[in-house]
Amino acid sequence: MENEPARMSSPVGARATVNGRTVDYFCGTSYFGLHGHPQVIAAARDALATYGVGTATAAWSPAHADVVEETARYLGTEAVTYVASGYLAPLVLLQALSDDYDLAFADAASHYGILDALRAVGKDVVLFRHLDPDDLARRLALGIHGGKRPLVVTDGVFPSTGSLAPLRAYVDALARYPNGLLCIDDAHALGVIGETGRGSVEYHGIDATGVYVCGTLSKAFGGAGGIVPGNEALAARVRRASRVPSGASLPSVPDAAASAMGLRILSLHPEMRQALWTNVRLVRDGLRTLGFDLADTPIPIVSLRGRRSINLLRVQEALARRDILVHHAPPHGYSDSPSVETLRVAVFSTHTPEQLDRLIDAVRRAV
Ligand SMILES: Cc1ncc(COP(=O)(O)O)c(C=O)c1O
């Protein structure tokens, strides 16, 4: 059936079984393959056997307490709020901060979760041009006067193209305004970038008052659930200002246990991040030799744009015939997809050199 999602009948990983075939899998967001890691699966299974599926809102299981502690330890924060999904995390954060800003400025290609959150909070929103600090500065100058307080919000890493938001330039643009806030949906950066995997703030060196982060455990960390890290005061504000923690069930017990184990594995094995960066470099360098214009970043989302002579849908199909899966995004197919078609190649730390060679070779033959 057209548009039916692919059926994955193995754990997710660099090699997976999709629609009955064994494939080299370059899709999705499990950048370390942790969702299919034996220890993650075992942790989820053990917690399920011990605590059942979940606590049905009124209480927390030890698995939920554990994931909060592990997340706070991983990110080096005093507190973490754990909520139903990463999609809801920007809502929770913006609700907690809603008394501290008057006008929001959002990257025009922000993730749907950010845009829905802004709408729900209900304050005025100005969209600035995607990834453009000069446009942000212009719009701040036009919109902020008479003591108004700005809040800038953006993805840290954009999900479809892998672009990095120029956060240092946003901080500089905000510096002219007292009490300006910067909120980052770091779903694709946490666990991946920064010296110790703490995401965009660490990567750009912008750990400062007024900089806030939210994210998810459903991508690099191999689990599920939204997170809002910060200090105890922020966690208390979340409890006061947001109805999400009391109104939406937590992720299930196996989700929490899987997430906690994923966090533990990543913090015990920094070499996994090194392996990811090595693979990212190999894929970016290899595809560059085929004429694709690719930024030199450590982001495991590699986005190929069509050239006039290349039909990317045909390229994706040619790769699929060789059992290599990449994602084809039509123009404007996702929050940050550009106005032209793209192929999204997701690189995992667990892809082998042979898989990467096969990928590059298959793209070379197809273009
Ligand atoms: C930038 C961004 N934020 C939030 C989310 C939602 O996270 P979750 O799927 O864990 O709800 C996604 C999901 O793809 C995302 O790409």
Side-chain angles (χ1 to χ4, degrees), residues 5 8 12 27-32 34-35 40 44 64 67-68 71 74-75 80-95 106-120 127 130-131 152-165 167 182-193 199-201 203 212-229 242 244-245 247-252 254-256 258-260 262-263 297 299-303 327 329 332-338 342 344-348:
M8 184 178 290
V12 71
C27 304
T29 58
S30 193
Y31 303 117
F32 300 96
L34 282 170
H35 294 84
V40 171
H64 291 107
V67 72
V68 166
T71 309
Y74 190 95
L75 298 178
V80 167
T81 304
Y82 186 47
V83 295
S85 74
Y87 196 94
L88 288 175
L91 173 63
V92 170
L93 178 58
L94 293 184
Q95 286 176 327
D107 184 296
S110 292
H111 190 257
Y112 307 130
I114 292 178
L115 299 179
D116 282 351
L118 288 166
R119 213 165 289 147
L127 298 180
H130 184 42
L131 302 173
V152 173
V153 58
T154 177
D155 301 26
V157 169
F158 285 83
S160 149
T161 62
S163 304
L164 281 153
L167 296 174
L182 174 63
C183 290
I184 305 158
D185 177 344
D186 231 11
H188 295 268
L190 295 176
V192 173
I193 56 171
S200 295
V201 167
Y203 179 79
Y212 292 90
V213 169
C214 62
T216 181
L217 300 178
S218 75
K219 304 196 187 301
F221 299 112
I227 49 171
V228 182
S242 176
V244 171
S249 300
L250 283 169
S252 69
D255 286 330
S259 306
L263 283 153
T297 71
I299 305 301
I301 303 163
V302 182
S303 175
H327 177 73
H332 300 300
Y334 199 65
S335 52
D336 65 312
S337 295
T342 45
R344 180 185 187 276
V345 180
V347 183
F348 297 175

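The figures that follow rest on heavy atoms only: side chains count, while hydrogens, waters and symmetry mates do not. Each ligand, and each atom within it, is numbered from 1 in the order the structure gives.
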Going by the angle between their ring planes, with limits at 30° and 60°, are H64 and Y82 parallel, tilted or perpendicular?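 Plane angle between 30° and 60°, so tilted.
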Identify, with sequence neighbours excluded, every residue that meets ring pair (Phe, Tyr, Trp, His ring centres under 6.0 Å) alongside H327.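 Once residues adjacent in sequence are excluded, H327 has no partner under the ring pair (Phe, Tyr, Trp, His ring centres under 6.0 Å) criterion.
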Would you please indicate if the ring centroids of Y112 and Y87 are separated by under 6.0 Å?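 That pair fails the under 6.0 Å test.
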Would you check if the distance from the ring center of H188 to the ring center of F158 is below 6.0 Å?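 Ring centres of F158 and H188 not closer than 6.0 Å.
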N/O contact list for ligand 1, threshold under 3.5 Å:
| unit_1 | atom_1 | unit_2 | atom_2 | d |
| --- | --- | --- | --- | --- |
| ligand 1 | 3 (N) | D185 | OD1 | 3.4 |
| ligand 1 | 3 (N) | D185 | OD2 | 2.7 |
| ligand 1 | 10 (O) | G86 | N | 3.4 |
| ligand 1 | 10 (O) | T216 | OG1 | 2.6 |
| ligand 1 | 10 (O) | S218 | OG | 2.7 |
| ligand 1 | 11 (O) | G86 | N | 3.0 |
| ligand 1 | 11 (O) | Y87 | N | 2.9 |
| ligand 1 | 14 (O) | K219 | NZ | 2.9 |
| ligand 1 | 16 (O) | H188 | NE2 | 2.7 |

Counting only N and O atoms by type, is there a donor-acceptor contact under 3.5 Å from the side chain of D336 to the main-chain atoms of A109?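 Side chain of D336 to backbone of A109, a donor-acceptor pair under 3.5 Å: no, none is there.
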With the side chain counted from C-beta on, respond yes when I301 and S160 share a heavy-atom pair under 4.5 Å apart, and no when they do not.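 No, every pair of side-chain atoms sits at 4.5 Å or beyond.
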